[in-house]
Amino acid sequence: MSRVTLSRYLIEQTRSNNTPADLRFLIEVVARACKEISHAVSKGALGGVLGSAESENIQGEVQKKLDVLSNEILLEANEWGGHLAGMASEEMDNAYQIPGKYPKGAYLLVFDPLDGSSNIDVNVSVGTIFSVLRCPDHCFSQNDALGEEAFLQPGTKQVAAGYAIYGPQTMLILTLGNGVMAFTLDRELGSFVLTHENLRVPESTAEFAINMSNQRHWEAPVQRYVSELLAGEEGPLTKNYNMRWIASMVADVHRILTRGGMFMYPRDSREPGKAGKLRLMYEANPMSFIIEQAGGAATTGTQRILDVQPESLHQRVPVFLGSKEEVERVTGYHKA
Ligand code: AHM
Ligand code: MG
């Protein structure tokens, strides 16, 4: 049987699922940028790309050289093709305007160029997360600038989402709203090849992921839930749970897509002004779209993540996602 590359899969989607040609082109360009980022990440110290970039992003986090480089790769790859009205990135303060010399298109691209970047210097998996929205009509102001409001759409409006994981293999996970497909980068061919069709998250699980060092800062429902997980067979859940925490959301979510599990980054009392660590637009929405498309669930503890109406580009949300049974359980504890 001939191998199905990402390009072929996208062309077939155009025919069978009415995926517009410009969306297909957009995904191809993002995938090409991810190949370039994968190459830069894999060079490590040999490419002089490890370490900090002596700059901070809007959230006051020190940027890694590879954060900055990955952001530039994505901007440069996507700005000229005429498929985008604008971009927004975890690493940039404001919406990115498509330069006037290039045509503009119908879509908005939102991304975390290199998620889990605290793991880069220790050679642990990192990734790129992206989300595609339609640009609302009349979203340009009189001086032709695209405002932040155009991006502030709930996750249910995403037309595509995905992530690339740079691990032992480089993979691209993609949803166009009709299931989740996984492609593995064949470096000899230079193409992403479809290797896993219609990924499904098992409804129940015996594995969870949370940064336990924050336990003393959690709210009561999370304290209760995690203490029950830890109580194992002797506790109310009457089964033993295993724990994993990679501190790279792409790697933790990838494990959950592969064998199930429960991922949590709850709100905590360290910085009461912040509703958790993860960002709605760049991390929570695309990952929730993927997880739901694979049969899992994703909530903030009180609300489906995809229903949250964003108020700002860099907004944070608590995240509970993965196997349905466990997400429903912890969400129920928030309502109790
Ligand atoms: P980043 O976008 O700055 O890399 O931060 C997001 C990452 C996630 O990938 C991961 O789940 C989380 O931060 C880990 O946080 P912590 O170091 O608090 O465990
Ligand atoms: Mg991130």
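Sequence positions, counted from 1, serve as the residue numbers for this chain. Given the structure is predicted, the values throughout are model-derived calculations rather than measurements. One-based numbering, in listed order, for ligands and for the atoms of each.
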S.K.: Number the atoms of ligand 1 from 1 as they appear, then name those within less than 4.0 Å of a heavy atom of Ser248, with their elements.
M.R.: 9 (O)
S.K.: At a 4.0 Å threshold, what atoms of ligand 1 neighbour a non-hydrogen atom of Arg279?
M.R.: 1 (P), 2 (O), 3 (O), 5 (O), 6 (C)
S.K.: Using distance alone, decide if ligand 1 has a nitrogen or oxygen within less than 3.5 Å of any nitrogen or oxygen in Gly116.
M.R.: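 Checking ligand 1 against Gly116, an N or O pair does fall under 3.5 Å apart.
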S.K.: Among side-chain atoms of Tyr96 and Glu79, is any donor-acceptor pair under 3.5 angstrom?
M.R.: yes
S.K.: Any idea which of Glu90, Arg270, Lys64, Met249 brings a heavy atom closest to atom 3 (O) of ligand 1?
M.R.: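 Heavy atom nearest to atom 3 (O) of ligand 1 belongs to Glu90.
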S.K.: Can Ala247 be said to touch ligand 1, with heavy atoms closer than 4.0 Å?
M.R.: yes
S.K.: Between Trp245 and Phe263 (judged by ring centroids, cut-off 6.0 Å), do the two rings come close enough to count as a pair?
M.R.: yes
S.K.: Going by atom types alone, do Thr184 and Gln169 pair a side-chain donor with an acceptor below 3.5 Å?
M.R.: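 Short answer, no.
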S.K.: Checking Ser117 side chain against Lys64 main chain: does a donor-acceptor pair fall under 3.5 Å?
M.R.: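 No: the side chain of Ser117 does not pair with the backbone of Lys64.
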S.K.: Under 4.0 Å from any heavy atom of Asp112, which atoms of ligand 1 are there?
M.R.: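 Those atoms are 2 (O).
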S.K.: Linking I/L/V/M/F/W/Y whenever any side-chain heavy atoms sit under 4.5 Å apart, do Leu278 and Phe289 land together?
M.R.: no
S.K.: Check whether any side-chain heavy atom of Pro113 sits under 4.5 Å from a side-chain heavy atom of Val68, and report yes or no.
M.R.: no
S.K.: Could you check which of Leu114, Asp115, Asn211, Asp252 puts a non-hydrogen atom nearest to atom 19 (O) of ligand 1?
M.R.: Asn211
S.K.: How close do Asn119 and Ile246 get, counting heavy atoms only, and between which atoms?
M.R.: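 Distance-wise, the nearest heavy atoms are ND2-O, 3.2 Å.
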S.K.: With heavy-atom distances below 4.0 Å as the criterion, list the atoms of ligand 1 near Glu283.
M.R.: 2 (O), 6 (C)
S.K.: Does ligand 1 have an atom that lies less than 4.0 angstrom from a heavy atom of Trp245?
M.R.: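 It does; at least one heavy atom falls under 4.0 Å.
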